[in-house]
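So that the names make sense, note that chain A is the first sequence line, chain B the second, and so on, each numbered from 1.
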2 protein chains.
Amino acid sequence: MEDKAQIQEAIKVQGEVVRKLKSEKASKEQIDEEVAKLLELKARLGGGDDGKHQFVLKTPKGTRDYNPKQMAIRERVFNTITRCFKRHGAETIDTPVFELKETLTGKYGEDSKLIYDLKDQGGELLSLRYDLTVPFARYLAMNKITNIKRYHIAKVYRRDNPAMTRGRYREFYQCDFDIAGQYDAMIPDAECLKIVHEILSELELGDFRIKVNDRRILDGMFAVCGVPDDKFRTICSTVDKLDKLPWQEVRKEMVDEKGLSEEAADQIGEYVSLHGGMDLAERLLQDPRMSQSKQACAGLSDIKLLFSYLQLFQVTDKVVFDLSLARGLDYYTGVIYEAVLTQAGVAPVALASNDAQNGSEESVSVGSVAGGGRYDGLVGMFDPKNRKVPCVGVSIGIERIFSIMEQRAEAAAEKVRTTEVQVLVASAQKNLLEERLRLVTELWNAGIKAEVMYKKNPKLLSQLQLCEEMGIPLVAILGEQELKDGVVKLRVVVSREEVDVPRSDLITEIKRRTSDV
Amino acid sequence: MEDKAQIQEAIKVQGEVVRKLKSEKASKEQIDEEVAKLLELKARLGGGDDGKHQFVLKTPKGTRDYNPKQMAIRERVFNTITRCFKRHGAETIDTPVFELKETLTGKYGEDSKLIYDLKDQGGELLSLRYDLTVPFARYLAMNKITNIKRYHIAKVYRRDNPAMTRGRYREFYQCDFDIAGQYDAMIPDAECLKIVHEILSELELGDFRIKVNDRRILDGMFAVCGVPDDKFRTICSTVDKLDKLPWQEVRKEMVDEKGLSEEAADQIGEYVSLHGGMDLAERLLQDPRMSQSKQACAGLSDIKLLFSYLQLFQVTDKVVFDLSLARGLDYYTGVIYEAVLTQAGVAPVALASNDAQNGSEESVSVGSVAGGGRYDGLVGMFDPKNRKVPCVGVSIGIERIFSIMEQRAEAAAEKVRTTEVQVLVASAQKNLLEERLRLVTELWNAGIKAEVMYKKNPKLLSQLQLCEEMGIPLVAILGEQELKDGVVKLRVVVSREEVDVPRSDLITEIKRRTSDV
C-alpha cells in the first residue's frame with residue numbers, strides 16, 4: 001500500500017501540470033489525459049475511513065472488454081476469415097506481443113509516435129507490436145525463410161486517439177494474410193485481392209469497393225509533377241488524407257505546411273481525381289507527362305496485368321484503380337490497396353449486394369475495412385546482408401466489422417447463444433443432487449454438452465427458466481419414479497413435449513435430437 | 001535514426017554499470033541482463049559503412065515465435081481444451097492485454113515484482129496482465145455480474161527468470177475456467193477438478209495427480225502450530241516451495257529467514273508430510289490440535305464434501321488431499337489445487353494411463369500443468385461497497401503441455417500437416433496459367449481448399465514435389481487435351497493413380513475423395 005503523503009505530493013505536482021497546460025492552451029486531448037491522471041491520484045487517496053483503495057473501475061483508455069455475446073459474434077467473424085485463409089492454403093504463425101524496440105524503429109514513418117513502449121525495468125527495451133507485418137518480416141529474416149504463405153490473427157497496439165463508437169481502438173485485432181517469395185509478377189497480389197473480395201462478400205456487410213494503386217505510380221506522379229525527391233514520403237502522407245479531407249484542404253497542407261509549389265500541387269490534384277479500371281492504366285501509359293517516368297510505367301503495366309488476373313478471379317466488379325490511394329506506411333514498394341464499405345451505418349440483414357447498386361448515389365463511405373500492398377524491401381531491412389524477400393499481403397481491419405455486426409444483431413433483436421449446451425440435467429424433487437451429478441457425469445463422459453444447477457434442491461421452474469434464458473434445447477428430468485423405472489424424462493424446451501427415454505438410450509436420443517442444433 | 005555520439009555515451013555508461021555489478025558480485029542473472037543491454041547498444045552503433053542499423057535479430061528474452069508446425073500442435077491442444085470448457089457450458093469473454101496498474105496492485109503478494117509496466121508516455125499508468133483471474137474479477141465488479149461460468153484463453157506476462165526448455169516463458173498462454181456465483185458448497189469446486197481430469201486425460205500426457213488442499217486448513221494449521229497471525233502469508237509462501245525444495249531447506253527458510261520458532265516449524269513439518277483422501281480429512285477432524293481451529297474444521301468438512309462429489313464425477317483415482325500444497329497467490333480463500341504430471345520427460349505415444357500405474361515408484365514430477373482454487377474476496381476488492389462474489393476456477397498451464405506434445409511429435413517423427421489444402425491445380429504444359437487460375441477460382445468459389453503455383457510455367461515435377469512436401473492429397477492437372485475434352489486429370493498423390501474427371505463433376509469428385517482427409 002502506498003504512502004498517503006507521497007500521493008498528496010503527487011497530486012500537487014499533477015495539479016500544477018494541468019494548470020500549466022490550460023494556461024498554455026494545450027490541446028483538449030492533452031489536458032484531458034492529465035486531468036484523468038489527477039483524478040486517478042485523487043481516487044487513490046480517497047477511499048473510506050478504513051484507508052481502503054478506491055479503485056477506478058475501468059479498462060485502459062481506448063480498450064474494451066468483450067462480453068460473451070460479443071465474443072460469440074467475434075468468433076463467427078473469425079471463423080469466416082480463417083476459413084477463407086485456409087481455403088487459400090495459408091499456414092499460421094504466432095509472434096510475441098512485444099518486440100525489441102529496435103525492431104520497430106524506422107518502419108512506420110510519422111506513425112512511430114503511436115508506438116507503446118514498455119517501461120525500462122532492467123533488461124531489453126521493448127515495444128508493443130504496432131502491426132503484424134513488421135514482426136512477420138523479422139520472423140522471416142531471423143529464420144531465413146524465403147517463401148511462405150501465412151496468416152496471423154492477433155492484437156496490435158496504437159496510442160492513437162480512439163473513436164470507439166466508430167470501431168477505432170488502441171488495442172485491436174488484425175487478421176493478416178501474406179505471401180512471401182520470388183514469384184511471377186502480380187499473381188500473389190491478385191490472390192490477396194481475391195481474398196478480400198471473398199471475405200467481405202461472405203460477411204454480408206453490404207456493398208464495398210477495393211481501391212488499388214501502386215507506390216511506383218505515386219512516386220512517378222510526384223516526380224513528373226515536380227515534387228522534390230526528399231518530399232515524396234511526406235507529400236504521400238498528405239495525399240493519404242484524401243479519404244478524410246476534401247482536396248482543397250489537402251492542397252493547403254501541401255502548399256502551406258509542406259512547402260510545395262502551387263503548380264506542383266495542382267498537377268497532383270488533376271491526377272488524384274482519376275479512377276477507373278484497366279482502361280485508365282492504358283490511358284496513363286500514353287499520358288505525355290506520366291509516360292516520362294519509368295517507375296510510373298512499370299507500375300501502370302503491373303496494374304494492367306493485375307486486372308487481367310482479377311478478371312480470371314471474377315472480382316473486377318468491386319475493384320477500382322484509384323490514383324488518390326496512398327496509404328500511410330513507409331514500407332510499401334509496389335501495389336497498394338484498401339477496401340471500403342460503401343453503405344452508411346447499419347445495413348439491414350436482408351439487404352443483399354444486388355440491392356446495393358441502386359443506392360450508390362447516396363452511399364457514404366464508412367471507412368476502410370481492409371488494406372495492404374507489396375513490401376519488397378522490409379525483410380531485407382532485417383537481414384545483415386540485406387537479402388530481399390518480396391512480400392505482398394493484406395490486413396482485415398476487423399473491429400469496424402465487429403461494430404457493424406454487433407449493431408446489426410441488436411437491430412434485428414437476434415438471440416445470440418453464448419454457450420452450446422445441449423441439455424440441462426434437472427429434477428422436480430428434493431434430495432436428488434447426487435443422482436443429477438451421476439447423470440451429468442455420464443453425459444459429459446459421452447461428449448454431450450451438459451449442465452446442472454449448482455444447488456442441492458433447485459426448483460423445477462428455475463431450472464426451466466435457465467434453459468429459456470440460455471437457449472438450452474433439452475432438459476433431462478429425474479424423479480423418484482423415473483429412477484425406479486430406469487428412465488429419464490426428456491423435455492423439449494420449445495414445444496414442452498415430454499417423453500420417457502430408457503436410461504440406456506438417453507445419449508443416443510440426445511445426440512439424435514441435437515445433431516442439427 | 002539515432003545520433004552516434006549519444007549511443008557511444010550510452011555505451012560508456014552501460015559499461016560502467018556492468019563493471020560495477022561485477023565488482024559487487026551481483027547475481028549472474030542481473031549481470032547477464034545488463035550485458036545484454038550493452039551488446040544491444042554496441043550492435044546499434046555497429047552496422048556497415050552506410051551507417052545502416054545492425055539489428056539484433058531475436059525475440060525479447062523469455063518469448064518465442066511459433067512456427068506453422070508448432071501452431072498446428074497448439075491448435076490441437078486448444079481445441080481439446082475449448083471443447084471441454086464448452087461441454088461444461090462455459091461462455092467466453094476477452095479483456096485487454098493491459099490493465100490500469102492500480103487494478104493489479106496488491107493482488108499477487110511477493111510476485112508483484114514480476115509485473116511488466118508500460119512506459120509512462122502521458123495518460124494512464126498501465127501494466128501487462130499477470131494472470132486472467134484479476135482481470136476477470138475486475139470485469140465482474142465493473143459490470144455488476146454476480147454469476148457466470150466463463151473460460152478465457154489468452155496470453156499473460158511475467159518478468160520471471162525464463163527456463164524455456166522446461167516450458168517456462170515470460171509470455172505464455174493461460175486457459176482459464178471459472179465459476180462465479182453464490183452456490184451450494186463444493187459443487188462448482190468439484191466441477192473444476194472434473195474439468196482438469198477430463199483435459200489431462202484427453203491430452204494423453206501420461207499419468208497425473210491432482211493435489212487438493214484448503215487455505216483455511218493451512219491457516220488453521222499455522223494457528224495451532226503457533227505461527228503469529230502476521231506471518232501466515234509469508235510462511236504460506238515458504239510452504240509453497242515444498243514442490244521444489246526438500247523439507248529441510250523449507251524449514252531453514254522458515255526459521256532463519258522468516259524468524260519462526262523451531263518448534264512451530266517442526267509441528268508444521270509433521271502436518272505437511274500428510275496426504276491421503278477423504279479418510280485423512282476425517283482423521284484430522286479428530287486431531288486434538290487441528291480440531292481446535294474452527295477454520296481448519298470448516299476446511300476439512302468441505303474437503304470431505306468435495307471428495308463425495310468427486311466420487312460421483314468418477315475422478316477420485318487421481319485426486320490427493322495433500323497438506324503441503326500451498327500455492328503462492330494471495331487471493332485464495334478456500335479450496336486450492338494443482339495438477340502435476342508424474343511421468344518424467346517425453347512419454348511414448350502408446351503409453352496409456354493403465355501402464356502408468358506400474359511405474360509410479362520411479363515416476364518423477366515434471367511440474368505443475370494446472371492450478372487454481374477458490375477466491376471469494378477478490379471481486380469485492382474491486383467493488384466500492386465491497387460486495388463479494390464467490391468464485392472458483394482453474395488455469396491450465398499450457399506451455400509445458402506444448403513442450404511435451406512438440407517433443408513427442410518429433411520423437412515419433414510424426415508428419416504434422418500445416419495446411420488443409422485438398423488439391424493443387426497444376427499443368428504439364430506451358431502457357432496454361434490463365435486456365436489454371438480459372439479452375440482454381442471455380443474450386444475456391446465452391447469452398448474447396450485449393451492452391452496454384454505462382455509461376456507462369458512451373459514444371460510438373462516441382463508441382464508434384466510441392467504436394468509431397470505439404471501433404472496435399474490431390475492434383476488437378478490441366479493440359480491442351482484435357483481442355484479440348486472438357487475433363488481434368490485428377491491424380492492421387494500417394495497412389496499416383498490418375499483418372500479423367502468431366503469438368504462438371506470435378507467439385508463433387510474432390511469433395512468425395514477428401515471428405516475423410
Side-chain angles (χ1 to χ4, degrees), chain A residues 1 33 36 44 54-57 59-61 63 65-68 71 86-87 89-100 102 116-119 121-124 126 139 141-142 155 159 171 183-184 187-188 309 312-314 382 418-421 434 437-438 441 444 449 451 454-456, chain B residues 33 36 40 44 55-57 59-61 63 65-68 71 86-87 89-100 102 106 116-119 121-124 126 139 141-142 155 159 171 183-184 187-188 309 312-314 382 418-421 434 437-438 441 444 449 451 454-456:
Chain A
M1 296 289 140
E33 281 206 345
R44 261 152 73 185
Q54 194 70 26
F55 283 101
V56 186
L57 260 184
T59 61
K61 182 177 175 185
T63 68
D65 298 318
Y66 282 82
N67 67 32
M71 286 298 280
K86 288 190 172 177
R87 192 160 59 234
E91 309 177 287
T92 186
I93 68 163
D94 195 19
T95 65
V97 81
F98 42 64
E99 295 276 344
L100 297 184
E102 265 267 299
Y116 276 99
D117 291 331
L118 268 71
K119 191 165 146 186
Q121 293 171 289
E124 301 158 331
L126 306 174
Y139 172 83
M142 195 172 128
K155 287 174 175 177
R159 295 182 58 255
E171 173 187 62
Y183 298 119
D184 282 326
I187 315 177
Y309 295 144
L312 295 167
F313 286 158
Q314 305 171 11
F382 290 105
T418 57
T419 77
E420 298 171 11
V421 176
E434 294 205 357
L437 295 185
R438 224 187 289 276
T441 303
W444 284 333
K449 293 166 196 149
E451 273 193 294
Y454 304 125
K455 296 261 174 203
K456 279 188 191 156
Chain B
E33 280 206 347
E40 209 188 298
R44 261 151 76 185
F55 282 104
V56 187
L57 260 184
T59 61
K61 183 178 174 184
T63 69
D65 297 319
Y66 283 82
N67 67 32
M71 286 297 282
K86 286 190 173 177
R87 191 161 58 236
E91 308 178 287
T92 187
I93 68 161
D94 194 18
T95 64
V97 82
F98 42 66
E99 294 277 344
L100 297 184
E102 264 267 299
Y116 276 98
D117 291 331
L118 267 70
K119 192 167 147 186
Q121 294 171 290
E124 301 158 332
L126 306 174
Y139 173 81
M142 193 171 130
K155 288 175 175 175
R159 294 182 60 257
E171 173 187 61
Y183 299 119
D184 282 328
I187 315 177
Y309 295 144
L312 296 168
F313 286 157
Q314 304 171 11
F382 290 105
T418 56
T419 76
E420 299 171 11
V421 176
E434 294 205 354
L437 295 184
R438 227 187 288 275
T441 303
W444 285 333
K449 293 166 195 146
E451 272 194 296
Y454 304 125
K455 297 263 174 200
K456 279 188 191 156

Can you tell me how far apart [atom1] ([X]) and [atom2] ([Y]) are? Round to the nearest 0.5 Å.
X         : Y         : atom1 : atom2 : value
Thr95(B)  : Glu171(A) : OG1   : CD    : 8.0 Å
Phe313(A) : Arg438(B) : CZ    : CZ    : 11.5 Å
Phe98(A)  : Leu118(B) : CZ    : CG    : 10.0 Å

With a 4.5 Å heavy-atom cut-off, do [X] and [Y] have their side chains touching?
X         : Y         : value
Leu437(A) : Ile187(B) : yes
Tyr66(A)  : Thr92(B)  : no
Asp65(A)  : Asp94(B)  : no

> By salt bridge (charged side-chain N to carboxylate O under 4.0 Å, His left out), which residues pair with Lys449(B), not counting sequence neighbours?
Replying inline: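 Lys449(B) satisfies salt bridge (charged side-chain N to carboxylate O under 4.0 Å, His left out) with Glu420(B) only.
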
>> Just to verify, what does Lys119(B) make a salt bridge (charged side-chain N to carboxylate O under 4.0 Å, His left out) with, not counting sequence neighbours?
In response: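 Listed in chain order: Asp117(A).
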
> Run the side chain to side chain contact (heavy atoms under 4.5 Å, CB included) check on Leu126(A) and Tyr116(B) step by step: do they pass?
Replying inline: CA-CA 11 Å; Leu126(A) 306 174; Tyr116(B) 276 98; 4.3 Å; yes

>> Report which part of Lys155(A) has an atom under 4.5 Å of a heavy atom belonging to chain B: side chain, backbone, both, or neither.
In response: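 Just the side chain, heavy atoms under 4.5 Å.
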
>> Report which part of Gln121(A) has an atom under 4.5 Å of a heavy atom belonging to chain B: side chain, backbone, both, or neither.
In response: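 Both parts, backbone and side chain.
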
> Do you know which of Gly122(A), Gly89(A), Ala141(A), Pro68(A) has the most heavy-atom pairs under 4.5 Å to chain B?
Replying inline: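 Of the candidates given, the most pairs with chain B belong to Pro68(A).
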
> Among Leu312(B), Val421(B), Thr59(B), which has the most heavy-atom pairs under 4.5 Å with chain A?
Replying inline: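 Max contact count across the listed options: Leu312(B).
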
> Side chain, backbone, both or neither: which part of Lys61(B) has a heavy atom under 4.5 Å from chain A?
Replying inline: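 Its backbone and side chain both get close to chain A.
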
> Taking the six-membered ring for Trp, are Tyr454(A) and Tyr183(B) parallel (under 30°), tilted (30 to 60°) or perpendicular (over 60°)?
Replying inline: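 It falls in the perpendicular class, over 60°.
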
>> If you compare all heavy atoms of Glu91(B) against all heavy atoms of Thr419(A), which two are closest, and at what distance to 0.1 Å?
In response: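 Here Glu91(B) and Thr419(A) meet closest at CG-CG2, 3.4 Å.
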
